[in-house]
Amino acid sequence: MRILLPLFLSAAVFAPGAASAQWAVGLLGGLGQDHGWQGRTSWMGALAERRMGDSSSFVLRLTGLAFTPVERVYKETVVADDGTVGVEAVMHELIGRGGVQLSMRWPFLTVPCEGGYHRGAYVMAGAGWEHAWVRQAGYAVQEEVGAESILVRERRWTVDRLTGHAAVGAQYGTRWGSPFLEVQMNAGPMPYDTGLWGITLVGLQLGYRYVFVRR
């Protein structure tokens, strides 16, 4: 249910004047460095856009994203329940994520083309919500039974974060739609220490949008 709430709120924003608005839908994918989860990452998603009015250059974009899992392997000292014994273990983490973003897009270098299609550059800013689920397992490295290490810790938890979002992009409008390329950056609380804020993700995004009504 929590993942539906941002969609319902966004639908309320998109709904007024929908019959006369210029709408677009599209697909996208990207690659980047996740500074929050500390690893390389990739993602795919879908978008819906609505221009704010016939006389406006501002476009509202709603994006749904699914990220490829991030795997982390590191060493850690695991303390026993009674706090008396520490065991050196190799920790394995698998992090899966999904999220939504609501952004405003506006052009700063735009060229109108024949047929009502536009080409040029734009900037974006907005906010997003990310839901992550983490599976962690720790195996002792000093004690072994045969070929298998001893499992000394197994945990699962989830992390929900609100992040800020900014991008610079360029599109090439044709009668078949608009391919676009964007440089993305997210900022917000770090997943392992929510009291620490910083740049959580930097990446490159490639996509395609189809506009239903010519501008």
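Basis for what follows: all heavy atoms, side chains included, without hydrogens, waters or symmetry-related copies. For clarity, every value in this text was computed on a predicted model and none was experimentally measured.
We find the CH2-OH distance between W106 and Y122 to be 12.5 Å, quoted to the nearest 0.5 Å. Of the inter-residue distances, the one linking Q136 atom CD with I95 atom CD1 reads 9.5 Å to the nearest 0.5 angstrom. Rounding to the nearest 0.5 Å places NE2 of H131 at 5.0 Å from OG1 of T158. Note: T63 OG1 to M124 CE = 6.0 Å, rounded to the nearest 0.5 Å. Annotation: the span from E88 atom CD to K75 atom NZ amounts to 5.0 Å, rounded to 0.5 Å. Atom OG1 of T41 and atom CD of Q33 lie 9.0 Å apart (nearest 0.5 Å).
Placement of L201 and L28 within a single hydrophobic cluster is found when ILVMFWY residues are connected by side-chain heavy-atom separations under 4.5 Å, directly or transitively. Each of V183 and F108 belongs to its own hydrophobic cluster when Ile, Leu, Val, Met, Phe, Trp and Tyr are linked at side-chain heavy-atom distances under 4.5 angstrom. With hydrophobic clusters built from ILVMFWY side chains whose heavy atoms lie under 4.5 angstrom apart, W133 does not share a cluster with W129. When the side chains of ILVMFWY residues are joined at heavy-atom separations under 4.5 Å, either directly or via intervening members, Y192 and V159 end up in a single hydrophobic cluster. Residues L47 and L65 are members of one and the same hydrophobic cluster, defined by side-chain heavy-atom contacts under 4.5 angstrom among Ile, Leu, Val, Met, Phe, Trp and Tyr.
Between R61 and E182, at least one side-chain N (NZ, or NE/NH1/NH2) sits under 4.0 Å from a carboxylate O, which counts as a salt bridge. A salt bridge between E154 and R135 is absent, with no side-chain N of the basic residue lying under 4.0 Å from a carboxylate O of the acidic one.
Nearest heavy-atom pair, P191 versus G36, reported as atom, atom and distance to 0.1 Å: CG-O, 3.3 Å. The minimum heavy-atom distance linking L204 with W43 is given by the pair O-CZ2, 4.1 Å. The nearest pair of heavy atoms linking V78 to A89 is CG2-CB, 3.9 Å. Of all non-hydrogen atoms in S178 and G173, the two that sit nearest each other are OG-CA, 3.4 Å. In plain terms, the two heavy atoms of D34 and W37 that are nearest each other are OD1-N, 2.8 Å. Shortest non-hydrogen contact noted between L151 and G138 is CD1-O, 3.3 Å.
Taking the six-membered ring for Trp and thresholds of 30 and 60 degrees, Y139 and H92 have ring planes more than 60 degrees apart, a perpendicular arrangement.
If you chain together ILVMFWY residues whose side-chain heavy atoms come under 4.5 Å of each other, V202 ends up grouped with M185, I199. When hydrophobic residues (I, L, V, M, F, W, Y) are linked wherever their side-chain heavy atoms come within less than 4.5 Å, the members clustered with L196 are M190.
In this structure the side chain of E93 never reaches within 4.5 angstrom of the side chain of V70, judged on heavy atoms. For the pair T200 and H35, the minimum side-chain heavy-atom distance is 4.5 Å or more. Using a 4.5 Å heavy-atom cutoff, the side chains of V123 and R105 are not in contact.
Enclosure of atom CE in M44 is not indicated, since only 12 or fewer non-hydrogen atoms of other residues, nucleotides or ligands lie within 6.0 angstrom.
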Legend entry - Trace of the ring-ring contact (aromatic ring centres under 6.0 Å, His included) decision for Y210 with F212: CA-CA 6 Å; Y210 178 77; F212 291 102; 5.4 Å; yes
Just list the side-chain donor-acceptor pairs under 3.5 Å for residues 161-172, sequence neighbours left out, or say none.
from, atom 1, to, atom 2, distance (Å)
R161, NH1, P189, O, 2.8
R161, NH2, E130, OE1, 3.4
R161, NH2, E130, OE2, 2.6
H165, ND1, Q184, OE1, 3.3
H165, ND1, N186, OD1, 3.1
H165, NE2, Q184, OE1, 3.3
Q171, OE1, R209, NH1, 2.4
Y172, OH, R119, NH1, 3.2

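Using modelled atom types, one side-chain atom of T68 and one backbone atom of S42 make a donor-acceptor pair closer than 3.5 Å.
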